[in-house]
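Read through the structure below, which is laid out as structure tokens, and then see the notes.
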Amino acid sequence: MDKTVQSFQMPGPVVTFQNLCYCVEECRGPCRRKGPEKEILKDVSGIMRPGINAIMGPTGSGKTSLLDVIAGRKNPTGLRSGQVLVNGKPVTSDLRLSSAYVVQDDILMGTLTVRENLTFSANLRLSRKQYSSLDKEQKVNNVIKELGLQDCADTKPTTGLDANTANSIISLLHSLSRKGKTVIFSIHQPRYSIFRQFDHLTLMNKGEIIYAGAASQAMDYFEEMGYQREEFNNPADFFLDIINGDIVPTLDFRNAGQAERNPLALQYRQSVYCNQVMEQLKQLSGVVDPSVSSIQEKASYVTPFHYQLMVLVGRTVKNTLRNPQTSYAQMALNITFAVLVGLIYYQIPKTLPEALQNRIGAFFFLIINMVFGNLSAVELFINERALFIHENSSGYYRTSVYFLSKVFADLLPNRILPIFIFSSISYYMMGLKPNADAFFLFALTMCLVSLAAVALAFLVSASVASFAMANILIALPYVFMMVFGGFLVNLNSMLSWLSWLKWASIFRYGLEAVTINEMKGQVFSMGNITLTGEMYLKAQGIDYSLWGFWQNQVALFGIMFVCMVLAYVQLRRINRWK
Ligand SMILES: Nc1ncnc2c1ncn2[C@@H]1O[C@H](COP(=O)(O)OP(=O)(O)OP(=O)(O)O)[C@@H](O)[C@H]1O
């Protein structure tokens with residue numbers, strides 16, 4: 001019996017696509033000028049039934065593009081015509097959750113074991129109402145068993161997945177397909193042992209289908225066209241040789257005088273295989289419910305917000321604990337700088353001129369350390385960008401959950417804790433105001449300066465995809481803010497159209513706040529001349545009233561808040577389409 005007919009009888013989802021035309025705009029030149037449109041899928045139609053459906057073809061033939069369009073991963077703006085249906089219905093988020101899309105690149109959390117990665121996925125993709133923790137554990141164990149990964153289930157992924165996986169993956173897909181799953185994948189040049197497990201084959205060339213039908217009949221199809229296969233030649237190599245023109249047909253099937261760009265595609269369109277597909281598509285599309293396609297779909301998740309947050313924070317904390325270099329480095333940097341500042345400005349005297357020069361110099365030094373010490377925060381969203389895109393578009397969790405889990409898991413161990421240690425060491429070594437409330441306000445200001453700088457780094461991190469770009473983009477505002485901080489240049493003497501930048505300077509707010517906190521109520525002397533802290537603040541034009549002090553904290557908090565919100569918006573705007 002014909003294999004296509006055999007698999008058709010297997011119950012399970014049927015994926016259909018009709019007249020798909022997909023175009024991309026190529027960017028050219030250093031300015032990435034938009035070039036002409038390029039059609040990468042040309043009127044492609046097909047039916048994928050439960051079983052193993054392979055898409056084959058040479059590099060650039062459109063295999064991945066077809067797979068991406070079927071999976072809804074390709075930017076819909078490029079789709080000029082056609083629609084993908086599953087069981088006659090357009091793809092919705094419910095269907096997305098009951099399907100899986102596996103990409104070629106390694107996008108697993110490298111610090112977690114195979115079992116932990118699978119458990120993470122099971123926790124977020126299986127409904128808590130339908131599956132208990134035990135059910136999920138059992139499912140994970142089954143997958144590990146089916147993949148033959150028992151020996152490396154509790155080791156980190158990269159060590160366990162080696163060359164034997166091609167065979168075991170195909171065996172797993174085969175057994176899944178026999179349970180009524182529709183498995184579709186693209187493959188370049190499989191060996192015979194793999195090829196013979198395919199039920200259905202779609203061969204592509206230059207964005208068009210040149211054969212779609214039972215894999216077992218593909219050889220006959222080309223042999224009937226006059227292509228002679230050498231004995232022992234692997235079918236996959238045979239097809240590629242035909243496409244590349246390395247094998248010529250003994251019969252000339254091309255119509256005389258016809259300058260067809262893709263004669264194999266034309267031949268397929270005229271074949272009984274193509275006619276069958278088009279006939280069956282007509283029957284299947286008769287059941288399409290037009291109301292479904294008109295519904296503007298909203299992403300839905302099988303797990304609630306708080307549960308996703310718990311699972312994600314758990315993974316982020318585990319990742320931080322197993323990869324603690326950044327936290328250690330951040331702590332070491334803060335302790336080293338605290339001791340260094342403490343030694344340089346050790347027990348600042350109250351006699352002039354050192355009393356003022358050393359205090360203001362020390363504060364500037366401290367703020368520089370608070371701002372530039374957070375450069376490592378730019379890596380936060382860049383490191384895991386591919387993982388986030390994959391998991392988020394597969395419906396694992398909401399963007400807000402990811403954002404909150406990353407931000408909190410980074411802020412506490414890497415930012416807030418080291419700052420309190422930093423402040424405690426440097427404050428008392430420098431001999432600043434000894435009362436506890438002054439110390440607390442000092443530490444609070446350092447914390448807010450640091451968090452505002454970190455939030456700006458998060459914003460950059462969520463906006464770009466490469467470290468090189470992020471480093472340039474973060475260094476610029478930091479340096480500008482330093483210049484407009486009020487220490488390197490007197491802001492009153494600056495050109496008025498430039499001096500407004502001081503309102504965006506984290507340095508200025510931080511410097512003013514710690515200066516008010518330290519100077520207010522102090523008396524400095526030189527011989528019999530005395531100078532109060534208030535006199536100094538007034539001479540500098542600093543408002544040292546209660547609100548004058550707290551307005552700096554409010555401004556720092558405002559900068560942090562705005563940058564965090566913008567970072568979240570940028571994370572939502574990340575292009576998830578291929
Ligand atoms: N987003 C895009 N922008 C520009 N060109 C694209 C884009 N996506 C695909 N293409 C082009 O479309 C053609 C088909 O690409 P596709 O990746 O689908 O081929 P493929 O058969 O999967 O190739 P490979 O085996 O190398 O993965 C290629 O020429 C590719 O450069």
Side-chain angles (χ1 to χ4, degrees), residues 15 17-46 48 52-84 91 100-107 165-166 169-170 173 183-191 194-195 198 200-212 215 218 222 234-246 261-265 268 385-386 389-390 393 464-466 573-578:
V15 180
F17 44 94
Q18 201 165 354
N19 310 112
L20 291 180
C21 289
Y22 193 90
C23 294
V24 288
E25 272 177 351
E26 286 178 303
C27 297
R28 288 180 179 171
C31 305
R32 316 269 315 140
R33 234 172 357 100
K34 287 203 170 153
E37 268 199 351
K38 180 182 168 192
E39 202 176 6
I40 59 174
L41 289 180
K42 297 167 192 159
D43 198 12
V44 172
S45 303
M48 307 280 188
I52 295 234
N53 299 271
I55 305 173
M56 276 171 52
T59 297
S61 57
K63 306 181 291 289
T64 316
S65 302
L66 176 59
L67 203 57
D68 288 338
V69 171
I70 293 174
R73 300 282 174 134
K74 206 98 178 145
N75 193 339
T77 54
L79 194 63
R80 294 288 169 268
S81 70
Q83 195 180 21
V84 180
V91 181
Y101 182 87
V102 183
V103 292
Q104 202 167 1
D105 321 309
D106 178 12
I107 44 161
T165 43
I169 295 269
I170 216 77
L173 295 179
V183 177
I184 310 170
F185 57 86
S186 88
I187 189 160
H188 189 68
Q189 215 166 348
R191 51 180 184 267
I194 289 179
F195 179 83
F198 298 169
H200 186 271
L201 177 69
T202 304
L203 271 177
M204 298 203 63
N205 184 31
K206 297 177 188 163
E208 291 181 87
I209 293 184
I210 60 162
Y211 173 80
F222 286 104
N234 177 10
D237 296 338
F238 176 55
F239 301 140
L240 281 185
D241 287 345
I242 293 173
I243 293 169
N244 294 334
D246 295 336
R261 217 174 51 85
N262 197 350
L264 288 167
Y268 167 70
R385 204 175 169 93
I389 291 174
H390 177 69
S393 41
V464 296
S466 77
R573 289 184 61 232
I574 284 183
N575 187 5
R576 285 144 173 86
W577 306 113
K578 295 221 241 161

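Whatever order the structure lists ligands and atoms in, that order sets their numbers, starting from 1. Bear in mind that the values here come from a model prediction, so they are computed numbers and not experimental data.
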Q. Taking the six-membered ring for Trp, are Phe198 and Phe185 ring centroids under 6.0 Å apart?
A. yes

Nearest heavy atom to [atom]: which of [options] does it belong to?
atom: atom 27 (O) of ligand 1; options: Leu41, Ile55, Thr64, Leu66; answer: Thr64
atom: atom 11 (C) of ligand 1; options: Ile187, Val69, Ile40, Asp68; answer: Ile40
atom: atom 18 (O) of ligand 1; options: Ser61, Ser65, Gly207; answer: Ser65

Q) Under 4.0 Å from any heavy atom of Pro58, which atoms of ligand 1 are there? A) 21 (O)

Q: Evaluate the ring planes of Phe239 and Phe222, with Trp represented by its six-membered ring, and classify them as parallel (under 30°), tilted (30 to 60°) or perpendicular (over 60°).
A: tilted

Donor-acceptor pair, side chain of [X] and main chain of [Y], under 3.5 angstrom:
X: Arg80; Y: Lys42; answer: no
X: Ser45; Y: Asn19; answer: yes
X: Lys63; Y: Met56; answer: no
X: Tyr22; Y: Asn75; answer: yes

Counting only heavy atoms, which portion of [X] has something under 4.0 Å from ligand 1: side chain, backbone, both, or neither?
X: Met204; result: neither
X: Lys74; result: side chain
X: Val24; result: side chain

Q: Check whether any heavy atom of Gly62 sits under 4.0 Å from an atom of ligand 1.
A: yes

